[in-house]
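Numbers restart at 1 for each chain; the letters A, B, ... are given by sequence-line order, proteins then strands. Quick caveat, the model's predicted, so the values are computed rather than measured.
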Amino acid sequence: MVSANYQRIWHTVMAVPPGRVATYGQIADLAGLPGRARLVGKALGHAPEHLKVPWFRVLRSDGKIAFPPGSDTACQQIGLLQEEDVAVLNHRVRLKQVQWQPDLATLLQGLPY
DNA sequence: AGGTTGACGAAGT
DNA sequence: CACTTCGCCAACC
């Protein structure tokens, strides 16, 4: 039995389209959990593989990758982003260019709550 | 039950 | 910019 909060977070992240990114805080807000950005990170760490949650599209509020530079996870994330033509420079993405602007109506439809 | 943790964030220096 | 400090709070010991 997994927490309902985790599931809501997973589903919200799944709504982020390819080529766009979101921040931990933004996901928390959209998931109905304002102020719980840290929970988003934890939830992503426990996401079941079969859901195919695009965890790599989630960044810190300043656009930086959340993992230490050079770590395996960070390198993997950068690679996945670049495959979607999201530019990563100095461990950071320019949010102004690629940050997700969710269509709330559409989003709420796809969400299980 | 109570203490610790952490894929965060905002504000300050 | 980089770095610190502090607030946050569900999940997990």
Could you check Trp55(A) against Thr73(A) for side chain to side chain contact (heavy atoms under 4.5 Å, CB included), going step by step and ending with a plain yes or no? CA-CA 11 Å; Trp55(A) 58 272; Thr73(A) 324; 4.3 Å; yes

Parallel under 30°, tilted from 30 to 60°, perpendicular over 60°: which one fits the rings of Tyr6(A) and His46(A)?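 Geometry flag for His46(A) against Tyr6(A): parallel rings.
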
So where does chain A start and stop touching DNA chain B, 5' to 3', when the test is distance under 4.0 Å to a non-hydrogen atom?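 Extent of the interface on DNA chain B: dT5(B) to dA10(B).
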
Contact class for [X] (heavy atom, under 4.0 Å): base, sugar-phosphate, or nothing?
{"X": "Ser3(A)", "value": "sugar-phosphate"}
{"X": "Leu39(A)", "value": "sugar-phosphate"}
{"X": "Gly25(A)", "value": "sugar-phosphate"}

Hey, which of these two, Gly35(A) or His46(A), hits DNA chain C nearer its 5' end, going by closest nucleotide?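 On the 5' side of the pair lies Gly35(A).
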
A quick test of your reading: do over 12 heavy atoms of other residues, nucleotides or ligands sit less than 6.0 Å from CG of Asp72(A)?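 Counting other residues, nucleotides and ligands, CG of Asp72(A) stays at 12 neighbours or fewer.
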
Mark yes when over 12 heavy atoms from residues, nucleotides or ligands other than Asn90(A) sit less than 6.0 Å from its CG; otherwise mark no.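 For Asn90(A), atom CG is not crowded (no more than 12 foreign heavy atoms under 6.0 Å).
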
What nucleotide among dG7(C), dA2(C), dA11(C) has an atom nearest to a side-chain atom of Lys42(A)?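 Closest nucleotide among those given: dA11(C).
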
If hydrophobic clusters are built by linking Ile, Leu, Val, Met, Phe, Trp and Tyr wherever their side-chain heavy atoms come under 4.5 Å apart, do Leu39(A) and Leu51(A) end up in the same one?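 As far as the 4.5 Å side-chain criterion goes, Leu51(A) and Leu39(A) are connected within one cluster.
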
Can you tell me the distance, in whole Å, between the [atom1] atom of [X] and the [atom2] atom of [N]?
{"X": "Met1(A)", "N": "dC12(C)", "atom1": "CE", "atom2": "C1'", "result": "16 Å"}
{"X": "Arg60(A)", "N": "dA2(C)", "atom1": "CZ", "atom2": "P", "result": "12 Å"}
{"X": "Gln7(A)", "N": "dA10(C)", "atom1": "CD", "atom2": "C1'", "result": "15 Å"}
{"X": "Arg8(A)", "N": "dA11(C)", "atom1": "CZ", "atom2": "P", "result": "10 Å"}

Would Arg20(A) and Glu84(A) count as a salt bridge (Lys or Arg N to Asp or Glu O under 4.0 Å) if you check the C-alpha gap in whole Å, the side-chain angles of each, and the deciding distance to 0.1 Å? CA-CA 8 Å; Arg20(A) 316 294 304 284; Glu84(A) 301 187 341; over 6 Å; no

